[in-house]
Amino acid sequence: MAVRWAPCCPAGATTGTVCDPAPPGARPFRHRSLNKESRALVKHQDTSASSAAGLRWDELDRRAVNVARALAVDAVETAGHGHPGTAMSLAPAAYLLFQRLLRHDPADPRWAGRDRFVLSCGHSSLTLYTQLYLSGYGLELDDIKALRTDGSLTPAHPEYGHTPGVETTTGPLGQGLANAVGMAMAARRERGLFDPEAEAGQSPFDHTIWAFASDGDLEEGISHEAGSLAGHQRLGNLVVLYDDNHISIEDDTRIAQSEDVLARFRAYGWQTERVDWTTPDGYREDVPALYDALARARDTTDRPSLIALRTVIGWPAPHKQNTGKIHGAALGAEEAAAAKRAMGLDPDAAFQVPAEVLTHARAVADRARDLRATWDKRYADWRAAQPGKAALYDRISTRRLPEDWTAHLPAFAPGQRIATRKASGEVLTALAAALPELWGGSADLAESNNTTMRGEPSFVPEEFATAAFPGHRYGRTLHFGVREHAMGAVLNGIALHGGTRPYGGTFLVFSDYMRPAVRLAAMMRLPVTYVWTHDSIGLGEDGPTHQPVEHLWALRGIPGLDVVRPADAGETVAVWRGVLERTDRPAGLCLSRQGLPVLDRGEGSGLAPADEAVRGGYVLADAEGGTPDAVIIATGSEVHLALAARELLRAEGTDTRVVSMPCLEWFLEQSQDYQDTVLPPGVTARVSVEAGSALGWYALLGSAGQAVSLDQFGASAAPEALYRRFGFTPHKVAAAVRASLERTRRTERH
């Protein structure tokens, strides 16, 4: 018969990859259906008894792989939609990982000693769900049958906190890969905190981060950022399997991609290796070869590893394999039956799981018990030898704050002008000793964001430390480089890993670059803190490209994200406390570049204490006569303008209340009685003051209210000139209050 040949790179590509020449008379494998002769090659799955690394792989393992494939087919057929192809072709790799390589315990998905597994190609959720079912994580056959249905444990994409065994929410491509980088960084930081002197591989904090990634993951820009950072950090605890199947929704990937992916990752500093299951003799799933490659990658501890596994998507569906049609759609009854027939299963039966196959797969629990016994002894020995660190671990792992931590918070004397970004930096430095779990840095903007705790070493391999930033591999100050998108997802991975509290900084306008990761942090309720500085036109001469306008309300539109904009240094201290006391959500601190007056809140000043900022909104300065004629609601750098406008209005006989609203989300958490106390329903003359879009303020302003806002792009000029030009002055605010009062009177007359 004619030999089926699958090239290792697309025809005509100039990638530098050395490809085997086609055998004489060979026909291309790409986009061909199986004929009768080649269909027999389906059974040519490797059933070798062992490999160089000692793998045992028998007939029951082979059958379990085919059961996983068929479950993926049937689940998508039942739902009528989904992604069966990758789940079919990755079934051997996923089963191999869960059964032989991954250190995990299906009876305890949150076991502290576990490896982490990230399915970055979240559309192939069945790759993970079938293994969670076969391994015994609590998923049962009915859960596989309920794929993509309301309330099921098997949603379209894996969701963190919803399905046992799911380590992160994936779906947007590339996010999971960057999460895995963050997990690997967190694992190294955790080891440095608790057990830095242990020999390699001998600490209870040593474990591996495994990830599966697709062509789509590695095409997304975030993969370039995260891959570069991981290589630079020499994360030897990270292993990524790249499903190199050459197919995406638009069919053959060579229509849009031609680079040599492995060469790219080698340039980043990764170890790379290729395992090609497309051979001159047909498709051969050489599982022992993959096992050996993954084991070598796990044992490589001086750099991250990428294993490119050349698969055929949808194998062994005879007509739709190796096409875009099988990537994201059901096979159809005829093709599904043919695929099952090729696997030796009943073509007319759905959700076939022979009892002996399930029993064999769930014997992984025995392996887990052995692994746990070894780990438990190592962990107990460590606790006995390090009681102080064990107590710290107990606190940090449950995200409890020490009792006296607030005593370390700094205070700022009134009468000076301090940018809130600078005040934030002072808070971080002051908390360094009290909160060793708190760590972070910025996307190449350390001096602008003030994200470096003074005296703390950088988290970086020793050979890359610099005179400006000395450090070591267990350091604390993170340097993300100019990689905002990866920074956001890496922060998520750090938080997902558990224990430590990460923060990351950039300019507020560049939150756009990290928005997908911020959205996922909110979805997963992760305690990640973003230090977004240069929060308004107040940054001045850098101009409109760097001046955020719509960003505050665009971010407030993300459910579960706290957007925090303090008015002065005192409020900055208070809101940092508020952020750290909340452990179930992300927060973005929006901080000024320009100096702001530190408000005098002492006795007799008439101003409320800055600690009130933890309520999100509070009465900063009240009307002298009790019930105000009007209310000014202001945030951040505009609060002092509201206070000045209040004085102008008081001279005219208008009693005005100033409400500082650093965090609308926190304010709306308060009781309705408290909200009504701050914003009396009977006072309809209201003005908001914020150097950004007015988009959402009208919900608080009502029909008579007026917004002092910026609904156009800024300009390049000194901050003071810009504030005057765009109407952010005490006189303009006072004029807005008068206009709102007039609207209120007109409404009352009618």
Side-chain angles (χ1 to χ4, degrees), residues 108-114 116 159-162 164 166-169 179 182-195 204-205 207 209 379 382-383 386-409 427-428 430-441 451 453 456 459 476 478 488-504 517-518 520-531 560-562 564 573-589 614 663 665-666 669:
D108 184 5
R110 304 302 296 171
W111 171 38
R114 73 193 185 282
R116 308 297 197 269
E159 296 179 15
Y160 172 74
H162 182 76
V166 172
E167 298 281 5
T168 179
T169 298
N179 291 165
M183 291 177 185
M185 292 168 68
R188 193 168 87 195
R189 170 67 179 163
E190 184 180 59
R191 193 191 203 278
L193 279 174
F194 301 119
D195 202 17
F205 301 101
H207 53 271
I209 313 300
Y379 179 65
W382 169 77
R383 291 187 70 91
Q386 301 283 351
K389 289 183 177 179
L392 177 63
Y393 173 78
D394 291 343
R395 180 183 70 74
I396 289 178
S397 63
T398 54
R399 289 180 176 152
R400 287 183 289 111
L401 293 166
E403 292 183 4
D404 62 345
W405 75 279
T406 57
H408 295 262
L409 290 169
V427 172
L428 289 171
L431 292 177
L435 301 179
E437 64 266 40
L438 187 63
W439 66 311
T451 50
M453 298 172 174
E456 293 294 324
F459 179 90
R476 188 172 192 173
L478 289 166
V490 165
L491 293 172
N492 289 350
I494 292 172
L496 285 161
H497 182 271
T500 61
R501 289 286 299 264
Y503 63 86
V518 174
L520 285 168
M523 197 176 295
M524 292 187 276
R525 305 178 68 86
L526 301 178
V528 175
T529 304
Y530 311 107
V531 180
L561 172 67
D562 296 337
V564 191
V573 174
V575 298
W576 258 114
R577 192 189 103 201
V579 166
L580 292 172
E581 287 176 340
R582 292 166 168 84
T583 62
D584 62 347
R585 71 191 81 174
L589 293 170
V614 297
C663 182
E665 293 80 17
W666 295 353
E669 287 178 352

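Smallest separation of non-hydrogen atoms from Cys663 and Asp562: SG-CB, 4.1 Å. Heavy-atom minimum distance, Pro204 versus Asp195: CD-OD2, 3.5 Å. What you find for Arg476 and Ala432 is that their closest heavy atoms are NH1-O, 2.9 Å. The nearest pair of heavy atoms linking Met183 to Thr168 is CE-CB, 4.4 Å. Minimum interatomic distance between Pro586 and Tyr530 (heavy atoms only, all atoms of both residues): CB-CE1, 3.9 Å. Contact between Trp382 and Phe194 at its shortest, heavy atoms only, is NE1-O, 3.0 Å.
The CG atom of Leu438 sits 10.0 Å away from atom CD of Glu456, with the distance rounded to the nearest 0.5 Å. If you take CZ on Arg395 and CG on Leu435, they are separated by 6.5 Å, rounding to the nearest 0.5 Å.
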Contacts under 3.5 angstrom, residues 490-503 side chains, donor-acceptor by atom type, not counting sequence neighbours:
from: Asn492; atom 1: ND2; to: Ala517; atom 2: O; distance (Å): 2.9
from: His497; atom 1: NE2; to: His207; atom 2: NE2; distance (Å): 2.9
from: Thr500; atom 1: OG1; to: Trp439; atom 2: NE1; distance (Å): 3.1
from: Arg501; atom 1: NE; to: Pro527; atom 2: O; distance (Å): 3.3
from: Arg501; atom 1: NH1; to: Leu580; atom 2: O; distance (Å): 3.2
from: Arg501; atom 1: NH2; to: Val579; atom 2: O; distance (Å): 3.3
from: Arg501; atom 1: NH2; to: Arg582; atom 2: O; distance (Å): 3.4
from: Tyr503; atom 1: OH; to: Thr451; atom 2: O; distance (Å): 2.8

Would you check, one step at a time, whether the test side chain to side chain contact (heavy atoms under 4.5 Å, CB included) holds for Asp394 with Arg383?
CA-CA 10 Å; Asp394 291 343; Arg383 291 187 70 91; 2.7 Å; yes
I would like to know whether Phe205 and Leu193 meet side chain to side chain contact (heavy atoms under 4.5 Å, CB included); could you show each step before the answer?
CA-CA 10 Å; Phe205 301 101; Leu193 279 174; over 6 Å; no
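Using a 4.5 Å cut-off on side-chain heavy atoms (C-beta onward), Met523 and Tyr160 make no contact. Contact of the Val614 side chain with the Arg577 side chain is registered, since non-hydrogen atoms from C-beta on lie closer than 4.5 Å.
The pair Arg399-Glu437 does not meet the salt-bridge criterion, since no charged nitrogen lies less than 4.0 angstrom from a carboxylate oxygen.
Partners of Asp584 by side-chain hydrogen bond (donor to acceptor under 3.5 Å, both in side chains), not counting sequence neighbours, listed by chain and number: Arg525. For Glu669, the side-chain hydrogen bond (donor to acceptor under 3.5 Å, both in side chains) partners are Arg585, not counting sequence neighbours.
Between the Arg114 side chain and the Arg110 main chain, a donor and an acceptor come within less than 3.5 Å of each other.
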